[in-house]
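Quick caveat, the model's predicted, so the values are computed rather than measured. Below, chain A is the first sequence line, B the second, and so on; all start at residue 1.
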Amino acid sequence: GSSGGAGTAASGAGGGEPAQGGTVRAAIAGDPTTLDMGLNTGSLTIVPGINIFENLFAMDESFVPQPMLAESYEVSEDSRIYTIRLREGVTFHNGEPMEAEDVVASLERWQQISATGTAAAAAIESVTADDASTVTIQLTQPRYSLLADLAGAIQGAIIIPAEVAEAAGESPIPTEEIIGTGPFEVESYTTGTGIKLVRYEDYAPSEAESSGLSGEKTAYVDAIEYSFVADPNQQLNGLKAGQYDWAQSISADQYEPLQNDPQLDVFTVKSSLIATVLLNHNENSAFSSVEARRALNKAIDKKAMAQASFGPEDLWSPLNGSFALPENAPMHSEAGSEVYEEHDPEAAAAEFAELGIDRPIRIFTSQTYPKYYQMAVVLQSVLEEAGLEVDVQIYDFPTMISKLTEEPESWDISMTAFSGAVSAPSQVLFLSPSWPGEYSSETMDGLMADYSASTSEEEARAAVDAIHEEIWNDLPAISIAPNRTLGTKSKKLQDMSDFSSGIFWNAHLGE
Amino acid sequence: MTEMTTAAAGAGASVPTAGPAAAAARARRPGQLVRFVVRDPSTAFWSAVFAAMVLLSLLGPFVLPSHSAMEPADRLLGPSGEHWFGTDEYGRDILARTVYAGRVSLGIGLLVTLIAVVCGVLLGAIAAWWKPTSAVVLRLMDGILAFPPIVLAMALLVTLQNGIISVVVGLGIVFTPYIARVVYARVLALKEEGYVTAATASGVSPVRNILVHILPNCAPAIFIQAIFVYANALIADASLSFLGLGVQPPTPTWGNMIGEARYFLSVAPTFILFPGIAIIASVLALNLAGDGLRALIDPRARAVSSLQYIRRRAARRRRGGRDAASGAAEAVSGASAR
Amino acid sequence: MLITVLRRLRDLVLVLLLVGTAAFLLIHMIPGSPAAALLGPYATKEQIDALTASMGLGAPLYVQYLTWLGNLVRGDLGFSSSFSLPVLDVIAAHAMPTVTIAIASTVLSLLISVPLAVYSVAKPRSVISRFVPGLSAVFLAMPTFWFALLLILVFAVTIQIFPTAGYVPPGEGLGLFALHIALPTVVLASHQVALFVSTLREGVTGELLKSYVRTARAKGLGETAVLVRHVLKNSLLSLITVAANSFGALLGGAVITETIFSIPGWGLTMYNAITARDYALVVGLTMTFALLFVVVNFVADLLYGVVNPKVRV
Amino acid sequence: MGFLELRDFGVDLLTDEGSSRLVAQVDLSLERGELLCIVGESGSGKTLTSLSLARLLEYTSATVPVGHAALDGEDLLGLDQTAMNRIRGSEIGVVFQESMEALNPSCRIEDQLVEAARRMDREAARAKALRLMEEVGIPDPAGTLRKYPHQLSGGMQQRVMIAMALINDPSLLIADEPTTALDVTVQAEILRIIRNEQATRDMACIFITHDIGVAAYMADRIAVMYSGRVVEAAPAQELLENPRHPYTRRLLECMPKVGRTGVSRFETIPGRVPNPSLEIIGCRFQDRCAFATDVCRTETPQLLPVSAQHEAACWNQEAVAAAGFAEDAGAEPGRSEDTAGRAVIARAEDVSKSYRSRASLRRSHVTRALDGVSLEIREGEFLGLVGESGSGKTTLGRILAGIETADAGTVSVQGHEHSRRRAAVRELRRNVQVVFQNPHGTLDPRLTIRESVSEPMIHLGGLSKRQAHARAAELMSQVGLPEEYLDHVPDALSGGQKQRVSIARAISISPALLIADEPTSALDVSVQGQIMNVLLDLREQTSVSYLFITHNLNLVLNVADRVAVMHGGRIVEVGTPEEIIGSPRTEYTRRLLAANVETSI
Ligand SMILES: Nc1ncnc2c1ncn2[C@@H]1O[C@H](COP(=O)(O)OP(=O)(O)OP(=O)(O)O)[C@@H](O)[C@H]1O
Ligand SMILES: Nc1ncnc2c1ncn2[C@@H]1O[C@H](COP(=O)(O)OP(=O)(O)OP(=O)(O)O)[C@@H](O)[C@H]1O
Ligand SMILES: [Mg+2]
Ligand SMILES: [Mg+2]
């Protein structure tokens, strides 16, 4: 296969009508336990979820929000009133038409349970249904990111029937009430074994051109069968043996070997992650001072670290310090890259010596995500070379998260990755005070406010650049490199979008 | 995890529960030992294999390159002149790591065994000697046996924050019943031995009686069982590491090396080979040496091995055909061929 | 008889309570919470705290423990947070693969190992017999996951006669079901066969030295009759104990094998339940394992009595 | 040519170094209808000879029969095992020593019997089994057939074994110590059955025993084995009256004699039997022989005919024949002492004890081991306690020694009632010491003799380790052992020597009462004498009292002051030996006496 061989969704529309039918067999890493995409932030939920649920808006190819379930929208002069017209003829999987009151209830729930939603809620005065197909969102202050917020995929503002939204409240939606508007609906969910989605026959596609998560969606395949296969190696074996058409988590180490596989395609996915060194700003942390953070930044050779952890260059390029992927035009920025590129181990060692850090640096990491664990191992050797003692502590993921939050005095560094597909700076988790690391800065708060108050693209652009500048000035965390998700599928599965992991509309099975 | 308890169960059941202690004393005589080695070269061989592995893991790290030096450019190389066993995903030398991991794994096995022996002996002896305690102790042992080790391992790993200690403590607890059961049965039997009664009649206190007369006489049985615990602890440790619940990298153990290597099975198939062979070899050596040693002290096992010996001799005799009484020897081998 | 059964029951209850309490305390001791697991990796602390409270897990530990005890007495094992189902339902739903594989593996192992062990003792100089002890020693020393990886490489990836992983409930086709549990069964059976063969070989060889065997020979019985009619039954005694232990342990879910093959049995469920901090499910599964373990061993005692009239129940 | 002919028969042991001869120079022949007893002390090679003959030993030990053996003209040693199976099934029947072990514990009696049957169908076999069961005196043959071995008593099991051996009407019966583990009374019945069957079926029979008394009762001919060699063979009567080998002669002298009382010394054979595998120049008995001359040390004697039927392997046959039988060396037998007036040092009153044994998971079975037993032991008294197996002798001894506690009744020693208080227990242990039956089990294999002997002195006698060790040497000479044995471990000692060590240990703190629980039952008759002599000497030197438990009535009648007879957990009779012999008051005692007389010379 060739890299990037999988075309975008659009390319499918070019030739004759693709073949209908067939079942896609997909391997995902485990049982998501809930398909409630509005609540769960994990990829196991999102991967099937994006085929089931839709939002009012959705990101296009270049991460710009486009109407999805919305037909159109108007923004008032003062940027405080959004009037959104809903698309006609959209029905839920239970056959009921989607109406404004469903949207209102869905957005209410979103404001309660989603991180982005709660952030947005601070600016939202009310969400009301004007008539069956019009929703008005009234803001207390301008919020430039509102449409992007509504288009987000992580704990996204999915539109579900009002009764479902109200019944679930803050709890996960039970499996039998997983009802969306997307091109596929849930047929069965056998805990522990798998999920089966089937084509939603009454799906009403948007007329806009298909792009990213937005636009026209056609379900060519009859069904998608997700199997839970925990071991990545087994996912690969299954792919090779023809047991699966697509696998979620093939190790990046397979990238090069698989490029020569006659049966399989490998490609990188656009909506990927940014590998980040998370720093603790707690006063007990060695990195509560900006000097220490700067020394650390100098000590790290980002390229070497990326190479060691992620392997082939395609998987971590282009190398830069933005919190957003280059494809994510509105959020990506090169500002501060001179700091990012600084690599001077000697200077770092000298600075550390001057700071007189005399206790081991405590790095928390988890083998649940092997790549970040590997980053920790590399970082360990980097720091040891810089003359520091290092204590790497490894936990299973839930334990690590719980320790990061509940024992803020117990760690200095952790490894993680944040979504590079954020649609607003406020979604950058390491900038949020409620995220482990306790970062808070008035300068940053001001810049965030500037962004929210933006009313034009230019203003927003300037704010994004300023935020990047400040990030590389104050170093709340250190972004290392994009961490491209590997897309792996059999050649039989054609025209699968590489925008995000596991998009099965517009894809079809060849002969 | 569960797989490992199965193995241990086997060892548990196959160890002598009783047998004249006199046999143990007899076994100590060096002449007998030498003769046994001659009779059973396989025991001698496997003991030597294990000893060699211990020595290698103790001394190897001094002569081999560093087990932790990374060379990202050289990741996942196959065996070569420079790296005999190849390199891992960080470009570290697998030979050095396998040898160093031997230290950790074998060390953990030893500690687990020590803990299990100390706790098992205490519990087993107490339960067998003071009858009222037996119900409690036996239920406790049942409870441990019936408890999923993975829950225990996980809890310990998280609370103790140290992979080595948590594995040692966790497996120590898990294997305690296997020692305790043997000790319990042996002490129960030895309690009825004439010399224990005689000691009681001689005014020896119960504690002294246990220490002086009983425990030393079940020591061989404990030792043999400890060998099997050791072997199974190695496998259990590997299993925990495989699930990510064992000793945490970068400290290598054979188990976590296999756990890592499995992700590179198709890219670097030799990676998984060497730590695996190391485990199999050491467990095999322990088990087989243990079997042989057991034959030294357990009359039943000794009888078994002597029967095998008889057959071997008979077979050899027949092949050699060197004896005057070859007609009779024919009968012997005829019998054994059946 | 009644007294024996009652005593057994008392012991069982004690063991269950012990095991349940230990599991309860241990799982609560582990940091992390069911709410965090439900919310996924990018949830904030506020979200987690809110969900924790709404799940009723905010109360002090002893209160939760007493509640758990109270429910237990009423036969209620609680509610699984990750499955949003009663624990008993979850356990029942995942019983099939584990129980089938445990039974299949154990039965298969017995069918193979008994004749093999007897044959290898009876005909020590045949080709097969020469390899039996060594092979069983090697299989005993081989970590199961190692063998599993090997089998997958050969039979699922290269020859492709078995699926690499996954599970199909028997309801969706017995053939498919069998195909999916074949490799895990073989993996577990490989270890069991080795265990049983070595146990039985030792048993048979040991029995061969007993006087009653000499009596049988004195009657003029041929070696085959001696082995089959006299030795075998008596040497089954040690095998019964070992097999029961091994079977009981497999019923506790072969965590590693189930993880490797993605078989949604109790082992994998347990592993996932721990990862998801599904407190009620972990405790419920632990108690189920303990119950089965004790029951299997009780049945083994009964069987022991069938073979050994001296301890007949 | 006899029906069974052994010529220069022997048994070789295969070792790494080659082979060593365990049994040699066996020349015997046996006719149909004739019963040959092979007698000899433990380890003399009786079992080796008889089982090698049936080619049964080769399966389990590295031994090979050599020489010549023919049954009814057929060469037994030339056959392969398949052919041997045919002969074993139909021509040779074997009754083994330990009947419990020799029966398959997991098969019903019926199956074990029927499967042995040749040339008949199942029904016929069953019928025959039933008939045989009746013949060997099993009360409920049909019921017994359905049982498992462990549900039968030792005597019953042995009868089953006999029935099994007879089911194919063999022409040769080999019985290897079939009664050793049994009670005297049961033994007598079994012997009678074998004798009967042998006579009525006109079988040839090899009967093995270490009890020359039994041999005298059973045998047409007797062969005496010593250290793996046949040293003398003759018609029974001839051998008993005119032994030509000094060993045979000593064996006879060592037997406790019927009807004697007040004996204070027994005949013994000093020294130990050399291991049969040792190569010895000259006679194997030379070191223990009173008649040994130079030739005995240089040349190995062969079996030489004494008379037509009588052969002996001794250079000095004439001298042996000429010497008269030694009378018991001790004071001429007289009345035992009257101890009635002496102070009571231990008393059991109305003592009962039950054991709840879990015979199976279903039934818990209550055994009433003692049922209202009262007994007094007086100062300096030698009190014999006899009774059949399971009558509660050991239990009574253990309760007196405070090792076991009674359910009901009181036990006191020197006026102090037993209690659990530490001081009282110590006092009791100081006063009462015990010597157990099995000499092999009573010494910790890991301790030296010195340590074992010192134990009570340190823990009860208040001596320091040094003092105790020093006194151990004295004790050794008191029980007639060389001092250097103190540094040996028990394994290096013979059974008799170990038993002496046990006695040394027991008397080290000068107890008032010594309870000896069958101290000689596991020993050969020659060694038994040595042990008895040690005990009797002690009685002379100190005022220790004995509770001497045994089932050997002859022995105890020879030496005791008083004898108590137990039966079914009760003491049915107490009296002086003269009273017991002269006017036994219970039927049980009479049976016991009768059984004894039968198997004595
Ligand atoms: N397989 C063997 N290997 C070595 N030595 C043996 C073997 N079998 C028997 N012996 C030795 O041969 C001698 C004679 O043994 P055997 O069992 O025939 O004696 P026995 O007269 O039957 O004695 P007992 O009265 O104790 O039954 C003993 O010293 C024994 O140790
Ligand atoms: N520890 C015990 N548990 C159960 N039953 C016992 C125990 N000890 C003795 N018995 C039973 O008590 C009865 C008396 O036993 P005891 O040993 O006192 O008899 P004995 O006269 O010494 O017999 P033997 O001549 O066989 O030594 C027997 O039926 C025996 O089975
Ligand atoms: Mg014998
Ligand atoms: Mg007794």
Side-chain angles (χ1 to χ4, degrees), chain B residues 1-7 9-10 12-14 135 138-140 142-143 145-148 150-152 154-156 158-159 231 235 238-239 242-243 255 258-259 262 265-266 269 272 276 279-288 291 300-301 303-308 311 315 335-338, chain C residues 11 14-15 18-19 22-23 26-27 29-32 122-125 137-138 140-146 149 153 157 188 191-192 195 198-199 202 205-206 208-209 222-224 238 241-242 245-246 248-250 252-257 259 267 270-271 274 282 285-286 289-291 293-294:
Chain B
M1 275 314 305
T2 340
E3 290 90 324
M4 115 214 159
T5 34
T6 322
S14 54
L138 292 180
R139 290 299 80 70
L140 184 67
D142 286 354
L145 284 175
F147 198 85
I150 173 174
V151 180
L152 185 67
M154 182 94 173
L156 287 173
V158 169
T159 39
I235 294 189
S239 306
F242 188 81
L243 290 174
I258 293 179
R262 108 184 104 136
L265 202 55
S266 47
I272 200 167
I279 288 190
I280 295 176
S282 48
V283 174
L284 194 64
L286 275 173
N287 275 338
L288 292 178
D291 278 340
R300 185 176 127 139
V304 168
S305 97
S306 72
L307 182 60
Q308 279 153 3
R311 291 176 157 183
S336 63
R338 233 160 292 270
Chain C
D11 287 358
L14 276 179
V15 170
L18 191 78
V19 164
L26 283 174
I27 186 73
M29 210 166 77
I30 307 179
K123 300 240 183 298
R125 294 200 283 133
V138 168
L140 274 182
M142 183 150 47
T144 42
F145 49 87
W146 168 279
L149 295 175
L153 215 60
V157 179
L188 296 175
H191 185 260
Q192 279 186 311
L195 185 63
S198 64
T199 307
E202 189 170 330
T205 326
L208 274 178
L209 288 150
E223 281 305 282
T224 319
S238 52
T241 317
V242 169
N245 256 312
S246 158
L250 285 192
V255 179
I256 293 181
T257 308
T259 312
M270 175 62 115
Y271 185 76
I274 295 176
V282 170
L285 275 171
T286 304
F289 298 169
L291 176 75
F293 191 85
V294 174

Exercise. Which value, rounded to the nearest 0.5 Å, describes the distance between C/L149 atom CG and B/F242 atom CZ?
Worked result: 5.0 Å
Exercise. Non-hydrogen atoms of chain B under 4.5 Å away: do they reach the side chain of C/L153, the backbone, both or neither?
Worked result: side chain
Seminar exercise, completed: Between the CG atom in C/L26 and the CG atom in B/L156, the distance rounded to the nearest 0.5 Å is 7.0 Å
Exercise. Can you say whether B/A231 sits under 4.5 Å from chain C via the side chain, the backbone, both, or neither, judging by heavy atoms?
Worked result: neither
Problem set entry | Reported CD1-to-CH2 distance for the pair B/I279 and C/W146, which is rounded to 0.5 angstrom | 8.5 Å
Exercise. Which bit of C/T259 comes within less than 4.5 Å of chain B, counting heavy atoms only: side chain, backbone, both or neither?
Worked result: side chain
Exercise. Which region of B/L138, side chain (C-beta onward) or backbone (N, CA, C, O), has a non-hydrogen atom less than 4.5 Å from a non-hydrogen atom of chain C, or is it both or neither?
Worked result: neither
Exercise. Who passes side chain to side chain contact (heavy atoms under 4.5 Å, CB included) against C/S198, sequence neighbours left out?
Worked result: C/S136, C/L140
Exercise. Are C/F289 and B/V151 side-chain neighbours, meaning at least one heavy-atom pair lies under 4.5 Å?
Worked result: no
Exercise. For B/R139 and C/L18, which heavy atoms make the closest approach, and how far apart are they?
Worked result: O-CD2, 4.0 Å
Exercise. Between B/G143 and C/V15, which heavy-atom pair has the shortest distance, and what is it?
Worked result: CA-CG1, 4.0 Å
Seminar exercise, completed: By side chain to side chain contact (heavy atoms under 4.5 Å, CB included), B/L284 pairs with (sequence neighbours left out) B/W46, B/L288, C/A137, C/V138, C/A141
For this session: Below 4.5 Å from any heavy atom of chain C, which atoms of B/L152 appear? Answer side chain, backbone, both or neither.
Result: both
Problem set entry | Proximity breakdown for C/V19 and chain B, heavy-atom pairs closer than 4.5 Å | both
Exercise. Can you tell me how far the CZ atom of C/F145 sits from the CD1 atom of B/I258, to the nearest 0.5 Å?
Worked result: 4.5 Å
Exercise. Taking the side chain as C-beta and beyond, is there a heavy-atom pair between B/D142 and C/F293 under 4.5 Å?
Worked result: no
For this session: For residues C/A290 and B/A146, report the shortest heavy-atom separation together with the two atoms involved.
Result: CA-CB, 3.6 Å
For this session: Output the distance between atom CD1 (C/I274) and atom CG (B/L243), rounded to the nearest 0.5 Å.
Result: 9.5 Å
